[in-house]
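Shown below is the structure under consideration.
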Amino acid sequence: STTVSRVIDHSGYVKEDTRKKILEVIHETGYVPNEVARSLSARESSSIAVLVPDITNEFFSALIRGIASVAELEGYRLILSDTAENMEKEHNALSEVERQYLAGIIIAPVSEQDEESYRRLADLEKKNISVVLADRDVYGAELDGVFVDNVKGTYEGIQALIREGHKRIAIIAGPDTSLPGRDRLLGYKKALKDAGIEIREEYIAFGDFQIDKAYERTKELLALKEAPTAIFTSNNKTTLGALKYFTEKHIKIGRDISILGFDQIDTLKLIDYPLSTVERDAELQGKETMRVLISKLRNKGMESEKKRILVPYSVILRGSESCEGV
């Protein structure tokens, strides 16, 4: 991606925290820039393209670490591309993949409903380039993948809030074009319905899995005449956006508001911040994804059922799910 190129080439402006995160991942994974990849000879078909939608999100950083650890053991080289939650960037990255001599591709697609990416991924498989989906699905695609049960995970997270006595529970959902975004919203609605709690449209705020929009959505939710007593945040960056707003406005978690998020934030764990989350082992998910790809590469030409693996999750309660005002 352009951002990653800027960091490598020391050209153009990149936010310092983004630069640090990219350099960290490059260091940890032995990232090969596309310029280098283009020069790889056709003999070296041990290269794997890894496309993720946000390299600065610690879930994807950990996922890449898991992929890289297995790839290194098995002698595969990774070519990493950050598609920045942008479909056009994803299409450009896939064009690069098509031009290169690669063994396979691991991709967390930007949108589940993007027909262009679906067509290209199906074409790659036809050209004998193995494709494995990581965490996000593609509608109608018969592709191998490693996921988490977003519906059940969210359902159990909302149940935990309900057990604390919350009835006014809001969600900052992800984009409805992404399967995790839609499935987490589905889990939220199902948990409320099963508990006999009214689903209120004003409590459903759509974010984009990024900090800034989550900050705005938190502000809007808490400005409602009947504000929610709890907010479920649909990914770690959404959680950070909500926490940023709480901190700025001196809103105290556990006293004024409750929060429970999908995916842990390791930095907050380091400082013993009492954030309740639906957690899964992202590094393990990366390892499983790479293992599925290696299995495909070793069994090329042999028909086998598509692997659709779910990694385990758990709801960890640390106190942010409770609130004095309930």
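This one's a predicted model, so the numbers in the text were calculated from it and none came from an experiment.
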Original post:
Taking the side chain from Y188 and the backbone from I169, do they hold a donor-acceptor pair closer than 3.5 Å?
Top reply: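 Pair found, side chain donor or acceptor close to backbone of I169.
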
Subject >> same_hphob_cluster(L161, Y155) at 4.5 Å side-chain heavy-atom cutoff >> reply: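 L161 does not cluster with Y155.
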
**OP:** Among D263, T277, T238, T239, find the one that has a side chain to side chain donor-acceptor pair (under 3.5 Å) with T233.
**Re:**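 Result: among D263, T277, T238, T239, T239 is the only option passing the side chain to side chain donor-acceptor pair (under 3.5 Å) with T233.
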
Original post:
Are L186 and I158 grouped together when hydrophobic residues (ILVMFWY) are joined by side-chain heavy atoms under 4.5 angstrom apart?
Top reply: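 Hydrophobic grouping puts L186 apart from I158.
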
**OP:** May I ask whether F59 and V311 are part of the same hydrophobic cluster, defined by side-chain heavy atoms of I, L, V, M, F, W, Y residues being less than 4.5 angstrom apart, directly or through others?
**Re:**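 Hydrophobic grouping puts F59 with V311.
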
Original post:
Hey, are K213 and E216 close enough for a salt bridge, meaning a charged N less than 4.0 Å from a carboxylate O?
Top reply: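 A salt bridge is absent here (no side-chain N lies under 4.0 Å from a carboxylate O).
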
Original post:
Are Y273 and V315 in one and the same hydrophobic cluster, where Ile, Leu, Val, Met, Phe, Trp and Tyr link if side-chain heavy atoms are under 4.5 Å apart?
Top reply: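 Same cluster: Y273 reaches V315 through Ile, Leu, Val, Met, Phe, Trp or Tyr contacts under 4.5 Å.
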
**OP:** May I ask you to say whether D256 pairs ionically with K249, meaning some side-chain N is under 4.0 Å from a carboxylate O?
**Re:**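 No salt bridge links D256 with K249.
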
Original post:
Under 4.0 Å between a Lys/Arg side-chain N and an Asp/Glu carboxylate O for E283 and R65?
Top reply: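 Here E283 pairs with R65 in a salt bridge, since their nearest N and O are under 4.0 Å apart.
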
Original post:
Does any N or O in the side chain of R318 come within less than 3.5 Å of the main-chain N or O of L275, such that one atom is a donor and the other an acceptor?
Top reply: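 Yes, the answer is positive, given that a donor and an acceptor are paired below the 3.5 Å cut-off.
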
Original post:
Checking side chain to side chain donor-acceptor pair (under 3.5 Å) against R184, which of T154, N235, N150 comes through?
Top reply: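 Of T154, N235, N150, side chain to side chain donor-acceptor pair (under 3.5 Å) with R184 is met by N150 alone.
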
Original post:
How far does CG of D208 sit from OG1 of T177, to the nearest 0.5 angstrom?
Top reply: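 OG1 of T177 is found 10.0 Å from CG of D208.
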
Original post:
Can you name the closest pair of heavy atoms from P228 and I257 and give their distance?
Top reply: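 Closest approach of P228 to I257: O-CD1, 3.5 Å.
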
Original post:
What do you reckon, is NZ of K252 surrounded by more than 12 foreign heavy atoms closer than 6.0 Å?
Top reply: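 No, NZ of K252 has 12 or fewer neighbouring heavy atoms, counting only those of other groups under 6.0 Å.
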
**OP:** Ignoring hydrogens and angles, tell me if any N or O in the side chain of R168 forms a donor-acceptor pair with the backbone of A227 under 3.5 Å.
**Re:**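 Yes: the side chain of R168 pairs with the backbone of A227.
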
Subject >> Residues K89 and S81: side-chain donor-acceptor under 3.5 angstrom >> reply: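 Judged by distance alone, the side chains do not pair up.
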
**OP:** Could you tell me the separation between the CD atom of E90 and the CG atom of L121, rounded to the nearest 0.5 Å?
**Re:**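 Separation between the atoms: 7.0 Å.
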
Original post:
Does a side-chain N-to-carboxylate-O contact under 4.0 Å join D176 and R182?
Top reply: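 Salt bridge flag = no for R182 with D176.
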
Original post:
Where is the tightest heavy-atom contact between I259 and L243, given as atom of each residue plus distance?
Top reply: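 Heavy atoms only, the tightest pair is CD1-CD2, 4.3 Å.
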
Original post:
Say you draw a straight line from OH of Y203 to CD of E198; how long is it, rounded to the nearest 0.5 Å?
Top reply: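 One gets 9.0 Å once the value is rounded to the nearest 0.5 Å.
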
Original post:
Has the side chain of S320 got a donor or acceptor atom that lies under 3.5 Å from a matching backbone atom of L260?
Top reply: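 Answer holds: no.
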
Original post:
Is the backbone N or O of S276 less than 3.5 Å from a side-chain atom of E321, with the two atoms forming a donor-acceptor pair by type?
Top reply: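 Answer holds: no.
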
**OP:** Give a yes or no answer on whether the side chain of S61 reaches the backbone of I55 with a donor-acceptor pair at less than 3.5 Å.
**Re:**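 Here the side-chain-to-backbone pair exists.
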
Original post:
Would you say the side-chain atoms of Q210 and D54 include a donor-acceptor pair closer than 3.5 Å?
Top reply: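 Per modelled atom types, Q210 and D54 side chains form a pair under 3.5 Å.
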
Original post:
Is R308 reaching over with its side chain to a backbone N or O of L143, donor-acceptor style, under 3.5 angstrom?
Top reply: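 Yes.
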
Original post:
Would you call K167 and E226 a salt bridge, taking side-chain N to carboxylate O under 4.0 Å as the test?
Top reply: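 Here K167 does not pair with E226 in a salt bridge, since their nearest N and O are not under 4.0 Å apart.
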
Original post:
Rounded to the nearest 0.5 Å, how far apart are CD1 of I105 and CG of L124?
Top reply: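 Here the rounded value is 6.0 Å.
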
Subject >> Test side chain to side chain donor-acceptor pair (under 3.5 Å) applied to D114 - qualifying residues, sequence neighbours left out >> reply: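 Result, side chain to side chain donor-acceptor pair (under 3.5 Å) vs D114: H91, S117.
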
Original post:
Is any NZ, NE, NH1 or NH2 atom of the basic residue among R119 and E115 found under 4.0 Å from an Asp or Glu carboxylate oxygen of the other?
Top reply: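 A salt bridge is absent here (no side-chain N lies under 4.0 Å from a carboxylate O).
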
Original post:
To the nearest 0.5 Å, what is the distance between CZ (F262) and CD1 (I171)?
Top reply: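 Answer rounded to 0.5 Å: 10.5 Å.
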
Original post:
Is E125 salt-bridged to K296, going by a charged N under 4.0 Å from an acidic O?
Top reply: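 K296 and E125: salt-bridged.
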
Original post:
Looking at R217 and A205, what are the two nearest heavy atoms and their distance?
Top reply: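 It is CD-CB, 3.8 Å.
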
Original post:
Do K307 and S295 come within less than 4.5 Å of each other through their side chains, counting heavy atoms only?
Top reply: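 Touching, per the 4.5 Å side-chain cut-off.
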
Original post:
Does the pair E279/K269 count as a salt bridge with the N-to-O cut at 4.0 Å?
Top reply: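 The answer is yes: the pair qualifies as a salt bridge.
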
Subject >> Sole candidate of T267, D266, N57 that passes side chain to side chain donor-acceptor pair (under 3.5 Å) when paired with N236 >> reply: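 By the side chain to side chain donor-acceptor pair (under 3.5 Å) criterion, N236 pairs with just one of T267, D266, N57: N57.
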
Original post:
Taking a hydrophobic cluster as the set of Ile, Leu, Val, Met, Phe, Trp and Tyr residues connected by side-chain heavy atoms closer than 4.5 Å, whether directly or through intermediates, do V278 and L284 fall within one such cluster?
Top reply: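 No, V278 does not connect to L284 through the hydrophobic network.
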
Original post:
Around atom CD of E248, are there more than 12 heavy atoms of other residues, nucleotides or ligands at under 6.0 Å?
Top reply: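 Enclosed: over 12 neighbouring heavy atoms sit under 6.0 Å from CD of E248.
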
**OP:** Using the ring of Y245 (Phe, Tyr or Trp, six-membered ring only), decide whether K219 places NZ or CZ under 6.0 Å from its centre and within 45 degrees of its axis.
**Re:**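 Pair K219/Y245 does not count as cation-pi.
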
